[in-house]
Amino acid sequence: MRGVDWVFLMDVLICIGKQGEEWRTALEACMPEARLHVGPDSPACDYAVVWHPPAGLWERQRRLKALFSLGAGVNGLLALPSLPLDVPLVRMEDGGMAGQMTEYALYVALREFRRFPDYRQDQLRARWAPRTARSRSDFRIGVLGLGVLGGAVARALAEFGFDVSGWSRGAKAVAGVDCRHGPQGLDVVLERSHVLMLLLPATGATAGLLDQSRLAQLPAGAVVVNLSRGELVDQGALLEALDSGRVSAAYLDVFEHEPLPSDHAFWQHPAVRITPHVAALTDTRLACEQIADKIRRLEAGLPISGVVDRSRGY
Ligand code: NDP
Ligand code: OXD
């Protein structure tokens with residue numbers, strides 16, 4: 001409860017579009033010491049919580065001590081020409097998303113492993129055709145990106161008994177996962193993965209990573225699952241690979257242009273499954289708790305995790 005004597009310790013801006021008031025209520029519950037402001041026309045604040053902010057936001061916000069992204073991926077924010085360079089940019093770490101990504105990944109893995117798409121095709125032809133059983137330990141899944149989300153996905157798939165390999169920029173260890181890094185590591189993961197899941201950030205180094213030649217490295221009939229950003233995949237090359245059957249299916253949650261234009265070939269392609277960038281959504285309560293905790297640490301002069309390294313782009 002705030003009386004007239006209440007002393008606010010800081011001003012926090014929430015600039016996230018239509019859900020601003022919902023987030024104000026949630027953040028207020030975690031940070032009674034903060035005065036909250038919603039929308040781009042708010043006065044100058046100490047901290048800002050943003051998602052797809054308008055490009056001109058920073059002209060008013062001249063005293064920011066840190067900028068919090070509600071998303072885990074910050075490629076959109078980093079692309080804003082006017083984003084202040086001297087203000088630390090802090091991304092969302094998990095915030096309820098690791099569990100949802102894991103659900104999505106397990107759904108695809110199980111659907112493909114148990115050949116449900118084949119049985120669906122059989123059903124359309126009234127064809128009764130049981131396939132032989134196979135072992136999860138023979139079903140090879142690759143996860144590109146072993147960070148907060150990719151690491152959780154790879155671990156869960158391995159715990160479920162699949163044969164999982166993963167790839168990251170630097171060397172990593174994830175329980176039960178064959179972890180690789182560097183260019184040769186990528187070759188190994190691509191060449192062995194029947195299902196390939198993308199959980200890399202979109203950066204200068206990952207743009208167009210899954211191009212024609214890398215798609216050709218996958219085993220024949222492999223499945224591509226893009227859960228991170230559309231920019232990672234050469235769309236034309238993927239369509240060609242799908243048309244030729246080299247890639248048997250693609251599960252796509254993210255696209256270079258969102259919403260995906262209604263005339264895009266992906267919509268009607270029989271081997272493509274589309275979801276509208278919902279693989280993992282930030283949980284409001286968990287996100288507010290995380291942001292409140294980080295702001296308090298910053299105010300206390302303590303280090304925080306999740307600060308984006310702008311030279312790497314993630
Ligand atoms: P993290 O920063 O925790 O992890 C990124 C991983 O990618 C790390 O393992 C990192 O390697 C690896 N990586 C980055 N660049 C390279 C490179 N050039 N070569 C090899 N590996 C690289 O991110 P999160 O796991 O939190 O999120 C991943 C992405 O998921 C986000 O950037 C976002 O684009 C996407 N996302 C999509 C959502 C959706 O609903 N579809 C929801 C949330 C996020 P290293 O460990 O060595 O640093
Ligand atoms: C994110 C996203 O980056 O929603 O969090 O894609």
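This is a predicted model, so every value here is computed, not measured. Each ligand, and each atom within it, is numbered from 1 in the order the structure gives.
A side-chain N or O of Ser165 and one of Arg192 form a donor-acceptor pair less than 3.5 Å apart. For the residue pair Gln212 / Asp234, no side-chain donor-acceptor distance below 3.5 Å is found, with atom types taken as modelled. Counted by atom type alone, Arg115 and Tyr119 present zero donor-acceptor pairs between their side chains at under 3.5 Å. Judged by distance alone, the side chains of Ser137 and Asp163 never bring a donor and an acceptor atom under 3.5 Å apart. In this model, no donor atom of one side chain and acceptor atom of the other lie less than 3.5 Å apart for Tyr314 and Thr206. In summary, the side chains of Glu299 and Tyr47 do present a donor paired with an acceptor at a separation below 3.5 Å, with no hydrogens or angles considered.
Salt-bridge formation is detected for the pair Glu93/Lys294: a Lys NZ or Arg NE/NH1/NH2 atom is positioned less than 4.0 Å from an Asp or Glu carboxylate oxygen.
The closest donor-acceptor contact from the side chain of Asp46 to the backbone of Asp11 lies under 3.5 Å. Side chain of Arg214 to backbone of Leu190: no donor-acceptor contact under 3.5 angstrom is found.
Sorted by chain and number, the residues within 4.0 Å of ligand 2 by heavy atom are Trp51, Gly71, Ala72, Gly73, Met97, Arg229, His277. The residues lining ligand 1, counting any heavy atom closer than 4.0 Å, are Ala72, Gly73, Arg91, Met97, Met101, Gly145, Leu146, Gly147, Val148, Leu149, Gly150, Trp167, Ser168, Arg169, Gly170, Lys172, Leu199, Leu200, Pro201, Ala205, Thr206, Leu227, Ser228, Arg229, Asp253, Val254, His277, Ala279, Ala280, Tyr314.
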